[in-house]
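Below you'll find the structure, written out as structure tokens, and then a few comments.
For clarity, every value in this text was computed on a predicted model and none was experimentally measured. Chain letters run A, B, ... following the sequence lines, proteins first and then strands; every chain starts at 1.
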Amino acid sequence: MDAVLEIAGLQKTYRSRKGVRRALDGFDMVVEAGQVHGFLGPNGSGKTTTLRTLLGLIRANGGRMSILGQEVPRHLPAVAGQVGAIVESPQFFGNFTAWDTLSLLADAGGVRRVRVEEVLELVGLRDRAKDRVRTYSLGMKQRLAVASALLKEPRLLILDEPANGLDPGGIREMRTLMRTLSESGMTVVLSSHILGEIQLICDSVTIISAGRRVAAGSVAEVLATHTSSSVKVRLEPGIDLLGAAEILRTAGAQVELGTDFFTVGNAGNPAQITRILAERQIYVSELTPVAADLESVFLELTGTAPVDGQNRQVDQVSAGWGQ
Amino acid sequence: MSLYRAETRRLVKRRFTKLFAIGALLILAAVVVGVFLTNQKVGPDQIAVATAKAQADYRQSVASTEQMKTDCQAAQGTAKASQFPPNCEIIAPSESDFQAEWYMPATFGLKDNLPDMITTFAAVLALAAFVIGASFVGAEWSSGGMMNLLLWRPRRLQVLSTKLAALLVGVTGLTVVTAALWTAAFWGVAKTRGNTIGMTSGVWQSFGLMELRALVLVLVAGALGFGLASLGRHTAMALGVAIGVIVVFQFGVAAVLAVAQVKFPELYLAPFWVIAWMSKEYTAQDYNACNLDGTGTCQPDTLTITWQMAGSALAIILVLVVGAAMWTMRKRDIT
Ligand SMILES: Nc1ncnc2c1ncn2[C@@H]1O[C@H](COP(=O)(O)OP(=O)(O)OP(=O)(O)O)[C@@H](O)[C@H]1O
Ligand SMILES: [Mg+2]
């Protein structure tokens with residue numbers, strides 16, 4: 001399979017009067033053709049920055065990128081016609097109707113006008129197409145944005161949080177739309193915070209944290225390599241569960257008590273648990289890795305799991321315990 | 001080409017464009033109506049009335065001078081004599097002091113009055129072009145439409161210059177059509193409420209050139225509005241700069257120059273440069289200076305702003321602003 005999208009060592013530093021901010025710090029990403037690829041990361045980790053850089057809206061400070069085998073931004077004009085994109089809930093000129101907006105884009109890009117009707121139908125805006133965009137709800141604007149990205153029948157579709165503001169029905173429609181599009185041969189890159197959704201529709205994912213890639217691969221692979229993050233611990237009968245949990249907590253573990261067991265959330269190295277407990281003459285009778293879902297893997301990899309009694313600030317990442 | 005067509009369509013579709021274009025046309029229409037109503041045709045009847053009035057005034061003046069002379073002579077030797085000139089030397093009015101043409105009603109002579117009208121036309125349309133140009137690109141920036149467009153057409157300079165081209169062609173169309181109507185309207189006014197005496201082909205030609213200069217002025221104003229709004233990525237930026245220039249620069253500088261008694265304050269004020277551009281030259285005068293001429297009267301120092309000077313100034317400002325807009329378009333991140 002060919003890589004439709006390749007990013008290597010991407011660097012971006014924002015400079016302002018307040019100082020410099022390193023948004024991307026050697027970020028890598030590969031998306032194979034025909035996949036639905038999830039692009040995940042906490043707030044402020046650099047997803048939108050990556051997509052903007054890729055689409056030529058901002059200039060990278062270093063690194064290489066290519067789309068459909070063409071190096072960008074140098075050959076961007078050549079490939080732009082094959083890349084449909086929305087970047088972070090795009091805004092439209094409020095006094096134009098959806099139809100005006102799309103037909104102007106179609107004219108500018110040399111796309112047939114009938115396509116406008118088609119995409120409006122596709123995103124469910126057909127009957128509101130002659131209303132001014134100013135009068136649209138958040139979800140309707142988002143649908144219009146998706147319509148604008150689909151307008152040029154792209155080979156690569158890049159959607160930055162397309163589900164933002166969509167109703168449950170809309171989210172499900174979006175899911176089927178992604179599937180249909182990818183079955184028709186389109187490659188889709190999707191950034192989202194709704195991880196259940198990503199797990200359902202994505203073939204592969206890239207997880208970014210603080211401007212670097214922390215995981216990549218098919219969803220199954222990513223889940224498999226990180227199932228050990230959380231373990232279920234059972235002790236010999238009659239042992240004080242509460243006391244043992246306290247001991248582990250003081251050592252920094254995130255312990256959650258069950259009825260006759262407890263789980264340790266951030267156990268990158270489960271051997272630590274047995275060692276610490278054994279030192280106190282407490283012996284473990286069962287230690288099973290908990291099958292992780294994408295959400296817990298994400299929280300562990302990005303170090304953004306909420307900690308009791310703390311308000312995590314954006315840009316703040318805690319190292320996993322026991323790693 | 002498809003981009004150019006799309007941008008033209010966008011320009012024409014915008015309510016702001018329509019609003020200001022129609023507003024400018026209404027103002028111009030109001031000027032035509034006003035001029036029409038305040039002028040009237042001068043025929044033999046009006047000449048006769050004016051001549052009669054002039055002669056009546058002349059006779060009245062002669063009579064009152066005579067009266068004064070008699071009063072003066074009667075007062076000689078009394079205390080009242082000091083109220084009169086010595087020796088009762090009162091100059092009798094001459095008939096040439098009461099010319100019939102000064103008693104004529106206002107009439108619209110095309111040759112004399114059209115230049116002012118063309119300048120008015122240029123000013124109104126230039127203002128409209130500035131605002132339309134600023135909002136055309138400013139709203140695109142602030143609404144995020146520019147970013148969407150760049151996802152379709154990544155060549156930034158091409159996008160911005162196509163937009164500018166669409167604007168300038170649109171403004172040219174509007175100006176040329178309106179200028180033709182404007183000239184025709186005042187030709188009509190002259191026919192019905194004045195005269196077209198002295199309209200040789202040379203005069204027509206010079207009016208044509210003046211309208212051409214008006215077109216250039218309007219285009220420069222449009223491009224400046226466009227450039228400033230694109231620099232600031234907001235319509236308000238261009239309008240802010242314009243208001244700032246008018247308030248701070250023109251009024252403020254005018255006051256400072258007056259206090260500092262600068263020799264030719266007009267040199268620092270934009271309107272005079274515009275007048276120079278439109279009327280081919282503007283002569284600033286300094287009445288504090290006295291240059292004796294042959295007849296022994298004082299002549300002020302003068303300084304002439306020629307249309308070439310004004311044209312160069314316009315060109316320099318244009319190149320600076322549009323150049324800066326293009327440069328930042330190329331360089332700056334779009335977020
Ligand atoms: N125009 C800008 N100027 C300065 N810093 C910026 C700018 N845009 C983004 N940043 C910074 O770059 C970092 C990455 O931002 P980015 O928008 O890429 O995050 P994100 O992953 O899209 O987050 P979210 O999930 O909230 O959309 C953040 O720390 C942000 O503050
Ligand atoms: Mg984002």
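- Considering only heavy atoms from C-beta on, B:F16 stays 4.5 Å or farther from A:N95 through its side chain.
- The environment of CZ in A:R155 is sparse: at most 12 heavy-atom neighbours from other residues, nucleotides or ligands sit within 6.0 Å.
- The number of heavy-atom neighbours closer than 6.0 Å to CZ of B:R9, taken from other residues, nucleotides and ligands shown, is above 12.
- Contact between B:W152 and A:S148 at its shortest, heavy atoms only, is CZ2-O, 3.5 Å.
- In this structure, CG in B:L151 is found 10.5 Å from CG in A:L51, a value given to the nearest 0.5 Å.
- Contacts of B:R15 with chain A are made by side-chain atoms alone, with heavy-atom separations under 4.5 Å and no backbone atom involved.
- Atom CZ of A:R132 sits in a crowded spot, with more than 12 heavy atoms from other residues, nucleotides or ligands closer than 6.0 Å.
- Per-residue counts of heavy-atom pairs under 4.5 Å with chain B were compared for A:T101, A:T48, A:L151; the largest is that of A:L151.
- Among the candidates A:D100, A:D107, A:L104, the single residue satisfying the side-chain contact (heavy atoms from CB on, under 4.5 Å) test with B:R10 is A:L104.
- At least one donor-acceptor pair under 3.5 Å links the side chain of B:R153 to the backbone N or O of A:A108.
- When heavy atoms are compared at a cutoff of 4.5 Å, A:S103 approaches chain B by way of both its backbone and its side chain.
- A:P77 has its side chain out of reach of B:Q158: every pair of non-hydrogen atoms, C-beta onward, lies at least 4.5 Å apart.
- Applying the side-chain contact (heavy atoms from CB on, under 4.5 Å) test between B:D333 and each of A:R52, A:K12, A:R15 identifies A:K12 as the sole match.
- Within a 6.0 Å sphere centred on CZ of A:R113, heavy atoms belonging to other residues, nucleotides or ligands number more than 12.
- Across A:L105, A:I86, A:V83, the residue that shares the most heavy-atom pairs under 4.5 angstrom with chain B is A:L105.
- Separation of atoms CE (B:M147) and CD (A:Q91) is listed at 9.0 Å; rounding is to 0.5 Å.
- Of the two parts of A:V87, the backbone and the side chain both hold a non-hydrogen atom closer than 4.5 Å to a non-hydrogen atom of chain B.
- Under a 3.5 Å cut-off, the side chain of B:R156 and the backbone N or O of A:L57 do form a donor-acceptor pair.
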